[in-house]
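Scroll down for the structure; my scribbles are underneath it.
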Amino acid sequence: MTAVTVATEAVPAPIEAAPIQGHTARLPWPFPDDLSAFRYSVNVEPGRSPHRTAAGQWGAHIVDLGGEEYGAIMAERRRILDADPQRLKMMPGMMPAAWDLLLYYLRDLSLSYPAIMSLEEDGDRFHWRNRALGTDQAFVLGDLDSLPYDPMTFLGREIPDDLLLVKERDGKLHFDAGLVTFAAAWSVSFDVGMSMYEIHSPVPRMNRERITARAEQFLSHLPADQVYRRVNWTLSASGSRKLDVSLEELPEWGTDIAELVRDKDWGRLQLRIEVEHFIRLPMTGAVTFNIRTHMSSLEEIKRIPAWRDQLATVVLELPEDLAAYKGFLDYRQDAMAWLTDGSAS
Ligand code: HEM
């Protein structure tokens, strides 16, 4: 697919003396202004609410198409899906939830981006148009033969988000369907079908400190049609803005970090941020855990003093078990010394 360049959103109001453009301006900075010590928590907030940051703004819509990067991200998503159909996994009985997801998102997109996206509705017949990618598709809700792909794959080829669906089974929430091409060192094939406790068992403190229990409680009581989100972050295991650092691709990126550390090439290290949306879908009651991944290099972050200082403070303060899980225990001192080198802090 050819990458396209589109203006997808109103440009945020100018920030004083901040000529920051592109992905840095739309970066969902993961820390509140006054935060200096980070711990895992059920850090959820209502979605569809814009946040100003030191470099710009994010969060007005559920889906951030990515501005001028939209075409390139979607080309990468489609390349991966064409090469590896195993990135879609569905447990039996999840197809109705997948249709629910598709319809919810196409309706939302047509309202968020009316200049380039539209959805016509006539009973159970729909017509989707996405002028940025050239998609023009009529379909009948629930009729698999009316789409070129299953509903999750169809949606995944239109938006940058990884798509995850959670359903209650045996009194517990389970991750029962996923279309995931940009996982941060995990695998949809391995995790699908697991409960929230099984998924989070490698994560320090999550189960022991009852964070998983509180997260499950929150998701179980999420009202229909309500949109919530949380932001998660790490330093990327890959030394470029490579989105696909899934376990499936490990041979491609597994040595990146060792090379970056050897070369002390800290400016290329990426802050990897995930915005995760929780929505209880109206027809089936399944809950989404859709993940939009953003990245910015330390070189870019270094140019924004508030971000530079806060990231260094948070990373250096993080307890060892969390820094080890996030993968930067061994190099955080050197990387953060580079980040703050030459600054007053
Ligand atoms: C409010 C709800 C949730 C919270 C607070 C939460 C929190 C977390 C945290 C703190 C991590 C560690 C991430 C890091 O430090 O980089 C994590 C990892 C992860 N979470 Fe969640 N999570 C939630 C819901 C979910 C749901 C619903 C799913 C699946 C549908 C999920 C799937 C994962 C996966 C796959 C990982 C990576 C685990 C690994 O390393 O193998 N999470 N989560």
Side-chain angles (χ1 to χ4, degrees), residues 1 47 61-65 70 73-113 116-169 173-183 188-189 191-193 222 224-225 227 276-292:
M1 203 200 70
H61 303 300
I62 296 177
V63 178
D64 175 354
L65 293 176
Y70 178 42
I73 299 171
M74 297 320 302
E76 176 67 352
R77 157 71 50 74
R78 292 175 177 202
R79 182 193 66 75
I80 296 167
L81 291 178
D82 289 343
D84 183 3
Q86 300 303 316
R87 302 303 183 96
L88 170 75
K89 289 284 170 186
M90 292 179 83
M91 298 296 283
M94 288 303 285
M95 197 55 85
W99 282 106
D100 205 359
L101 175 75
L102 175 67
L103 188 54
Y104 187 94
Y105 266 72
L106 295 189
R107 281 178 171 154
D108 178 80
L109 289 162
S110 68
L111 294 173
S112 298
Y113 302 103
I116 54 167
M117 294 173 166
S118 65
L119 184 70
E120 284 169 27
E121 306 197 18
D122 177 13
D124 60 358
R125 297 180 172 276
F126 297 85
H127 198 133
W128 167 250
R129 291 185 182 85
N130 176 350
R131 279 173 280 288
L133 298 181
T135 318
D136 186 329
Q137 181 69 48
F139 67 91
V140 179
L141 193 70
D143 178 0
L144 281 175
D145 291 337
S146 66
L147 280 178
Y149 310 95
D150 68 90
M152 283 185 92
T153 305
F154 184 81
L155 181 59
R157 294 173 75 98
E158 299 292 296
I159 61 171
D161 306 49
D162 284 322
L163 306 172
L164 291 79
L165 289 175
V166 178
K167 276 285 271 189
E168 189 176 323
R169 257 194 298 123
L173 295 185
H174 288 80
F175 168 30
D176 272 358
L179 188 285
V180 182
T181 59
F182 304 142
V188 61
S189 292
D191 281 14
V192 92
L222 189 64
D225 237 7
V227 180
E276 303 160 347
H277 274 92
F278 308 104
I279 306 164
R280 185 177 298 282
L281 297 170
M283 294 190 287
T284 60
V287 174
T288 69
F289 182 70
N290 295 337
I291 306 172
R292 171 71 158 88

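Note: hydrogens, waters and symmetry copies are ignored here, and every other heavy atom, side chains too, is used.
Note: Phe139 CZ to His127 NE2 = 10.0 Å, rounded to the nearest 0.5 Å. The line from CG of Asn130 to CG of Leu109 is 8.0 Å long, rounded to the nearest 0.5 Å. Here the straight-line distance linking atom CG of Asn290 with atom NE2 of His277 works out to 9.0 Å at 0.5 Å rounding. A distance of 9.0 Å separates CG of Leu222 from CZ of Phe278, quoted to the nearest 0.5 Å.
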Got a list of side-chain donor-acceptor pairs under 3.5 Å for residues 88-104, not counting sequence neighbours?
from	atom 1	to	atom 2	distance (Å)
Lys89	NZ	Gln86	OE1	2.6
Asp100	OD1	Met283	N	3.3
Asp100	OD2	Met283	N	3.0
Asp100	OD2	Thr284	N	2.7
Asp100	OD2	Thr284	OG1	2.7

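Summarising the geometry of Phe175 relative to Asp191, their closest heavy-atom pair is CD2-O, 3.7 Å, with the distance given to 0.1 Å. Across all non-hydrogen atoms, the minimal contact from Tyr70 to Leu133 is OH-CD1, 3.2 Å. Of all heavy-atom pairs spanning Ser118 and Trp128, the tightest one is O-CE3, 3.2 Å. Here the shortest heavy-atom pairing between Ile279 and Tyr105 reads CD1-OH, 3.7 Å. The two residues Gly156 and Met74 come nearest to each other via the heavy atoms O-CE, 3.3 Å.
Taking 4.5 Å as the limit, every side-chain heavy atom of Phe126 sits out of range of all side-chain heavy atoms of Leu106. Taking 4.5 Å as the limit, some side-chain heavy atom of Leu281 sits within range of a side-chain heavy atom of Leu165. Looking at heavy atoms from C-beta onward, Val63 lies out of side-chain contact with Glu158 at the 4.5 angstrom threshold. Proximity of Val227 to Asp108: side-chain heavy atoms (C-beta onward) are nowhere separated by under 4.5 Å. Two residues are said to be in side-chain contact when any heavy atoms from C-beta on lie closer than 4.5 Å; Phe154 and Thr135 meet this criterion. A 4.5 Å side-chain heavy-atom check between Ile291 and Phe182 finds every atom pair outside the cut-off. Side-chain contact between Pro151 and Leu144 is present, with at least one heavy-atom pair separated by less than 4.5 Å.
Sorted by first and then second residue, the salt bridge (charged side-chain N to carboxylate O under 4.0 Å, His left out) pairs with a member in residues 133-146 read Arg129-Asp136; sequence neighbours excluded.
By the side chain to side chain donor-acceptor pair (under 3.5 Å) test, Asp84 is found to be paired with Arg87, residues two or more places apart in sequence or in another chain being considered. Remark: Arg77 pairs with Asp162, Thr181 by the side chain to side chain donor-acceptor pair (under 3.5 Å) rule, at least two apart or across chains. Under the side chain to side chain donor-acceptor pair (under 3.5 Å) criterion, Arg125 pairs with no residue, sequence neighbours left out. In terms of the side chain to side chain donor-acceptor pair (under 3.5 Å) criterion, residue partners of Arg157 (sequence neighbours excluded) are, by chain and number, Asp82, Tyr149.
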Exercise. Let me see the working for Val192 and Val180 under side chain to side chain contact (heavy atoms under 4.5 Å, CB included), right down to the final yes or no.
Key: CA-CA 11 Å; Val192 92; Val180 182; over 6 Å; no

Exercise. For Val166 and Thr288, run side chain to side chain contact (heavy atoms under 4.5 Å, CB included): C-alpha distance rounded to whole Å, both residues' side-chain angles, the deciding distance at 0.1 Å, then the answer.
Key: CA-CA 6 Å; Val166 178; Thr288 69; over 6 Å; no

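With Arg292 contributing its side chain and Ile159 its backbone, the two residues share no donor-acceptor pair below 3.5 Å. In this structure, the side chain of Asp161 does not engage the main chain of Leu163 through any donor-acceptor pair within 3.5 Å.
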